[in-house]
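In what follows, a structure is listed as structure tokens, so that the remarks can point back to it.
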Amino acid sequence: MSETHTAAEVAAPHRYTAALAADIEARWQDFWDEHGTYEAPNPTGDLTEGEGGAGLAQRPKKFVMDMFPYPSGAGLHVGHPLGFIATDVYARFHRMTGHNVLHTLGFDAFGLPAEQYAVQTGTHPRASTEANIANMRRQLRRLGLGHDKRRSVETIDPAYYKWTQWIFVQIFNSWYDPEARKARPIDTLVAQFEAGERATPDGRPWNALSAVERAGVLGEYRLAYASDAPVNWCPGLGTVLANEEVTAEGRSERGNYPVFKAKLRQWNMRITTYADRLIEDLDGLDWPEAIKLQQRNWIGRSEGARVDFPVAADGDAKITVFTTRQDTLFGATYMVLAPEHELVERIVPAAWPEGTHDVWTGGYATPTEAVAAYRKQAAAKSDVERQAEAKDKTGVFTGAYATNPVSGEQVPVFIADYVLMGYGTGAIMAVPAHDSRDFAFARAFELPMRCVVEPSDGRSSDPSTWDDSFDSYEAKIINSSGAGVALDGLVVTDAKAKITEWLAKRGIGEGTVNFRLRDWLFSRQRYWGEPFPIVYDEDGVAHALPESMLPLELPEVEDYSPRTFDPDDADTSPETPLSRNEDWVNVKLDLGDGPKQYRRETNTMPNWAGSCWYELRYLDPHNSDRLVDPAVEQYWMGPREGQPSGGVDLYVGGQEHAVLHLLYARFWSKVLHDLGHIASSEPFHKLFNQGMIQAYVYRDSRRIAVPATEVEERDGAYYYQGQQVSRVLGKMGKSLKNAVTPDEICAEYGADTLRLYEMAMGPLDVSRPWDTRAVIGQYRLLQRLWRNVVSETTGEVSVVDAEPDEATLRALHKAIDGLSQDLAHMRFNTAVAKLTELNNHLTKVREVPRTVAESLVLLTAPLAPHIAEELWRMLGHETSVVHAPFPVADPAYVQDEAVTCVVQLKGKVKARLEVPPTISDEELERLALADPAVVAALGDAGIRKVIVRAPKLVNIVPA
RNA sequence: GCCGGGUUGGCGGAAUAGGCAUACGCGAAUGUCUCAAACACAUUUGUCCGAAAGGGCGUGCGGGUUCGAGUCCCGCACCCGGCACCA
């Protein structure tokens, strides 16, 4: 103790202060670690021990999970732990209501930032990542989060990524059987080929194919496959990216570099085979509708038809289009191929046909020149430019004509970049009268339009008079009769069905479903990721490593930095850091047919890989024989009542993962389920998106952020070093100079105060601004709580062994009831408010009865566990409050003895009556009409009607 | 452009199921304690009129349903998020 005691310290030497909080918190954090307080028992395996391990079968379980953090070098700011605190409160509440609760936290530690940081500072990514993890573990421990530390995983741990690689091998060694609607081992497909049940592409028997040919055939089926395909190449990052990692502006999500299309040999996951199931199974999940919708939109299912248009000059060639409006086939007056479409070379004639319109040729002498020029121009265009020019349609005539299969009409074939190679078949039939894009193109190129859907908005049926196309699903089809089929008079849906059937009968089309979703590009030209468990033999055939060779550890290399290029130089190609280690790349292995020379795959997996399945490893983190013990997985995640697909009971994280991580994880889950490795077919049953904690950003006249803590407010304006600065709400972060760390708040008030503040700020799913000033409110609450149980002068427990009075009992049971419901439904902000109300009530009671104090402490425990443990111990309990039973409300005290009934006159409150809650309507009406204030307000006016809602309301309507 | 979410005091927010608008907290004002300040504690705090009693007005804007609307319906404005030439 120092010499200079403040007056308050002298007057109240045992007040709850930051120093006392720090002492309490450190002690209990040590206690929890020593006693394994948060260890949840498994039904079998090495983790059957754990607090409350007995009677596993009788107790409900709860698997509560956060999206695990990426260990950034900047450490945590107060925004990061919001979700962690929420799940912790939720987990603690469920422990106290008798659940076996699994709650832990790992680290998603492979990925670009660690590597970029490592390159900048010259440290190995493992070293910087481990240091970051250690720092974050320290910061998180300070918050008193009740994690089962035995179960924490790190994706960079070889013991962990052994199983990431193992899962990759499972996916590589399977195919999707559309009949069974599930993934099956690739052997079952080979068996079909061998037995001749399934024909090879060229019809030869399976055993007549060479090993290379067989590998090629199987590659068309494997769920993980390498292929040459146009991919997103980002020279600035030196790697290729998944579609999901490219922004709408055609730039990289990380780093914001330009992204180009380049044809490269890359690994992919056949996620498209699961498109339907990924949509269907959303129905059984308890997810925010907004997120489900985003996933549905991303997968983008659309029903339509494929239709073949024979090329007029080349009887064998046909252009297959995908359309959702096959009912408008009679209105198709031209066709468009994507510029890259492979049919283009084949159909282009030597010369322009007789009478070719001038605007169609682009001013070139021959179709070949025109097409080549347009292709070049289109390829050079970035996605940004392409979108900016979306309204100005460009294109060029190929010189070829195709035959409309229903009208027999010859329609010109164009190429134009408004048709995308990656969607549908890369070719469309253009119906300018009923599609706005085709309409714009037809206007620009003076192409004919035919109205085949009767306009229902009063316009004429002559498209030449229109400003835009007409689109309706309720309208009737017109002008659509021809060779063998007539659609006139049918509404759109009926016309679709009829024409689809007709096309199918003729073998020139069929009803089909198309998806926006593409296969998932799975390889990266990076060092800091999981190596692929794949080697290539001398013929270039890929082989998966057997389980006995896993994990395939990430080798040391001289230079782990990616080869990056001028961000704008599209004519570059990636170089993998792993390829620089020749000793590692070239290996002699025995994969079952004797030692042979192989070459390793030198790409690494994307950073999503490790997060696609980590929930499973939490369950059985040390199992070296299996990914997860089936009995353990069944116990924690198996399907059950109301959770048809099984999964984690609660998963909390940010909205930014709506499609990426959540879609990938669902896909892996389904494959593992199909192959019989897990009982659950969805990883996360309930998903909750927490909002962001925002912070004010102050900028000076040069728009540069200034340190937020040094800004002063005067008369509604803000000043930094005398200069006025602007204020906007933004993200919290180091670069914006507005980050507040949990460490500083813990130092000033303690972790319990921080926890309460974050929970009290507002509903968990809403974003709101951080306000350091307001934190003190929760500090005061804890001081009041402390004072309600402990004397500030003696430090002794001050509760009395007396019966609580009626009002206190009602306040207590109301709080118990309110907190029970609020915590169960994750309404943490109102839970804190109710705890505050109870505390405020007890502050007014001179002496707090022991029984009430004990309940108060139990109610506090999920939210502020340290102070609750300390008070629980001081009240004489030997065991931790963590597993103490949460109080149960007595309904007799939840309801008020007297209810305030409002008496309204035409909806305006005129009087209040204190009445018993059981009062009858008749009695209440009598009382209300007799009330002097009501009589006075009513005056001479008669009564037309009286609405009585006993016991809360009477509304009188005067005549 | 399309889809989704939102708009309540000076601020964060509360309001089962259409029934007392503003719980709880911050801030502010006043007071107690203190030589003083800070802390803590107590009281007040939507707004307008009024000395008060009391009254008027109030949940983004305009309309509607209803005895009664922050809540339901129609139209509009603004803000935030997602998707975006997807055939």
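Just so it is clear: chains get the letters A, B, ... in the order the sequence lines come, proteins before strands, and each one is counted from 1. What you see is a predicted model, and the numbers here were worked out from it, not measured in a lab. Side chains are part of it too, since the values below use all heavy atoms of this structure and drop only hydrogens, waters and symmetry mates.
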I want to know whether A:Phe441 and A:Phe414 have ring centres closer than 6.0 Å.
yes

A:Leu859 side, atom CG; A:Leu838 side, atom CG - distance, nearest 0.5 Å
6.5 Å

With the sugar-phosphate defined as primed atoms, P, OP1 and OP2, and the base as all remaining atoms, what B/S/- string results for nucleotides 6-19 of chain B, 5' to 3', for protein heavy atoms under 4.0 Å?
------SSS----B

So which of residues 293-302 of chain A are in contact with RNA chain B, with a heavy-atom cut-off of under 4.0 Å?
A:Leu293, A:Gln294, A:Ser302

Just to verify, what does A:Lys393 make a salt bridge (charged side-chain N to carboxylate O under 4.0 Å, His left out) with, not counting sequence neighbours?
none

Interatomic distance, A:Ile943 atom CD1 to A:Ile956 atom CD1 [nearest 0.5 angstrom]:
6.0 Å

Could you tell me whether the side chain of A:Lys393 has a donor or acceptor atom within less than 3.5 Å of a complementary atom in the base of B:rC85?
yes

A:Glu837 bridged to A:Lys834 by N-O distance under 4.0 Å:
no

A:Asp283/A:Arg296 ion pair, N-O < 4.0 Å
yes

Will you find, in the side chains of A:Ser436 and A:Asp468, an N or O donor that is under 3.5 Å from an N or O acceptor?
no

Under 3.5 Å for both distances, Watson-Crick or G-U wobble, that's the pair rule; now give the dot-bracket for RNA chain B, with | marking pairs to another strand and [ ] for crossing ones.
(((((((..(((......[....)))((((((.......))))))((((....))))..(((((..]....))))))))))))....

Please figure out whether A:Val832 or A:Thr425 has its closest RNA chain B nucleotide nearer the 5' end.
A:Val832

Do A:Arg516 and A:Trp298 meet the cation-pi criteria used here (NZ or CZ under 6.0 Å from the six-membered ring centre, within 45° of the axis)?
yes

Do A:Arg306 side-chain atoms and A:Glu510 backbone N/O form a donor-acceptor pair below 3.5 Å?
no

Measure the OG1-CG distance between A:Thr425 and A:Leu343 for me, rounded to the nearest 0.5 Å.
10.0 Å

Review item, nucleotides 41-44 of chain B N/O atoms under 3.5 Å of protein N/O:
from	atom 1	to	atom 2	distance (Å)
B:rC41	OP1	A:Arg787	NH2	2.9

Could you tell me whether A:Val321 contacts a base, only the sugar-phosphate backbone, or nothing, with contacts defined as non-hydrogen atoms closer than 4.0 Å?
nothing

Can you confirm whether the side chains of A:Thr394 and A:Tyr374 place a donor and an acceptor under 3.5 Å from each other?
yes

So, A:Ser791 side chain and A:Thr794 main chain: donor-acceptor pair closer than 3.5 Å or not?
yes

What pairs of residues pass the salt bridge (Lys or Arg N to Asp or Glu O under 4.0 Å) test when at least one of them lies in residues 757-768 of chain A, not counting sequence neighbours?
none

Syn-anti status, with the boundary at 90° from 0, for the nucleotide B:rG54:
anti

